[in-house]
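Written out below as structure tokens is the structure these notes cover.
Being a predicted model, the structure only gives us computed values, none of them experimental. Ligands are counted one by one from 1 in listed order, and the atoms in each one are counted from 1 as well.
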Amino acid sequence: MKKLFTLLAVALFGVVAISAGDTTRQRLIVTTDLGGTDPDDIESMVHLLVCSDMVDIEGLISSQVWTDYPDKVDSIKKVVDKFCEVLPNLKHHSAGYPDADYLKSIVKRGQTKSNMDGVGEGKDSPGSDHIIACVDRKNDKRPVWLVAWGGMNNIAQAIWKVSNTRSDKKFKEFIGKIRIYDILGQDDAGAWIAHNYPSILYIRNTQIYGWPMDDSWVKSNIMSRKPLGDAYPMRAWVWEGDSPSFMYLLDNGLNVPEYVDYGGWGGRFDTMRVAGIRGMSFITRSGKDEALYDPYYMHPSSKEGSAAISRWKTHIWNDFVARMLWATTPDYDKVNHHPVPVVDGDKSRRLLVRKVKPGGTLRLDASESSDPDNDALTFNWQVYREPSAYKKDVIIRHGNASVCDVDVPLDAAGKDIHVILEVTDSGTPALTLYRRIIIRVDEARELR
Ligand SMILES: [Ca+2]
Ligand SMILES: [Ca+2]
């Protein structure tokens with residue numbers, strides 16, 4: 001019966017799935033000032049590494065911020081080594097984790113000069129060369145997300161080198177595969193990139209503190225999970241300022257990084273780029289001036305600001321805690337694992353698109369969802385209004401059941417409605433994964 005319904009749904013509504021090839025996993029290279037005065041990059045690195053079954057990490061590169069420091073790549077290696085001690089435990093809980101030898105091989109030293117002083121002839125580093133090698137990888141058509149937890153001049157150098165050594169056509173192919181997520185703007189190289197290469201998708205998030213963690217919560221839920229918790233330092237200022245950049249890319253069924261306005265764990269951004277989003281004040285204090293690169297255009301944080309992240313914060317926290325618990329034990333039965341949301345028989349984490357006529361009803365069926373621990377599941381179907389073109393109320397009937405009906409308003413013709421399914425298990429901590437269904441409302445009205 002279920003299968004028959006699925007077939008009917010395909011026939012009636014049309015079913016379109018969008019994915020990047022066979023996988024929804026994203027490719028990620030981090031450039032980080034880890035080892036600097038603020039320990040928050042170490043916190044972010046621990047958090048990223050325990051999530052490395054949800055994203056393909058291809059590079060971890062040391063970078064500067066506002067001034068020239070000695071290179072700190074050894075500090076990155078220390079965190080990775082500590083993580084590799086618990087990796088055998090983690091592999092018992094999720095199949096997607098990388099191998100220790102691979103992780104250690106992708107830690108690279110970056111440029112020691114700060115800002116644009118680190119870009120140009122003779123400024124290549126193992127880090128900038130590694131970025132080029134990853135983007136060049138012929139057998140992988142997926143874009144590479146370059147995320148900046150510090151300065152961006154390793155990324156700028158990679159682009160500079162390729163622009164000066166290849167034909168226009170080859171260079172266009174190269175930058176066509178690059179996506180950038182910049183936390184706050186921490187040197188003047190970001191403005192240089194955005195000014196000179198406006199075709200690159202470039203996010204500058206200035207609204208990153210949407211999921212404040214309480215000190216006592218971090219101590220009891222993260223730092224207490226030995227031995228990896230020992231690698232997670234007490235905050236100096238704010239916890240994990242750079243983490244939204246990788247949370248944006250995690251393969252959780254909610255995030256769709258290619259569409260900056262869709263929203264997810266790493267925030268939400270306007271499709272309309274704006275000029276002159278200035279980076280942190282220490283750029284000008286160090287004698288640099290982003291205004292030299294005016295005009296430069298970047299995707300800004302959307303109008304809901306940090307609330308774009310905080311709406312998911314409980315799920316983010318619980319996910320992190322569960323992973324820190326995985327790291328403590330090889331015993332699968334001792335800890336909780338994520339539910340598997342399945343919509344209309346689709347077990348992937350892909351975005352689903354359904355075409356519906358105005359005034360029509362769309363049935364969505366998640367009854368095949370499951371949990372590897374046999375936990376009870378709760379369902380929450382909701383309209384995500386912010387990325388939806390249709391801004392008025394949409395009624396979802398049985399919104400807390402496994403099967404719901406969405407009544408598509410008559411005046412929604414030509415507009416998309418984003419429906420998010422949250423599936424949460426009854427384990428401890430309760431874990432949530434998602435599916436996103438875009439209802440693409442046909443122009444033509446339903447015949448009645
Ligand atoms: Ca940083
Ligand atoms: Ca579970």
Discussion item. With rounding to 10 degrees, what does the angle N336:OD1 / the Ca ion (ligand 2) / D373:OD2 come to?
Written reply: 80°
Worksheet item: In terms of ring plane angle, is the pair W317 and W217 parallel, tilted or perpendicular, where the classes change at 30° and 60°?
Response: tilted
Discussion item. Can you tell me which N/O/S atom of D375 has the shortest distance to the Ca ion (ligand 2)?
Written reply: OD2
Worksheet entry | Test item: L254 and W312 side chains (from C-beta on) under 4.5 Å apart, heavy atoms | yes
Worksheet item: For the Ca ion (ligand 1), what is the closest N, O or S atom on D242?
Response: OD2
Fill in: Any donor-acceptor N/O pair, K108 side chain to I61 backbone, under 3.5 Å
no
Worksheet, complete the sentence: Value for CD1 (I208) from OG (S243), rounded to nearest 0.5 Å, stands at 9.0 Å
Worksheet entry | Where the Ca ion (ligand 2) is the vertex, angle from D371 OD1 to D425 OD2 to 10° | 80°
Response to the item:
the Ca ion (ligand 1) -> D41, closest N, O or S atom is OD1
Discussion item. Less than 4.5 Å apart, side chain to side chain, heavy atoms only: is that true for W265 and W211?
Written reply: no
Fill in: Ionic contact status for E386 with R311, cut-off 4.0 Å
yes
Response to the item:
min-distance N/O/S atom, H337 vs the Ca ion (ligand 2), resolves to O
Fill in: Cationic N near anionic O, under 4.0 Å, K161 to D124
yes
Fill in: H338 near the Ca ion (ligand 2): N/O/S under 3.0 Å
no
Discussion item. If the cut-off is 3.0 Å, does any N/O/S atom of G241 fall short of it from the Ca ion (ligand 1)?
Written reply: no
Worksheet item: Mind checking whether the Ca ion (ligand 1) has an N, O or S of D33 under 3.0 Å?
Response: yes
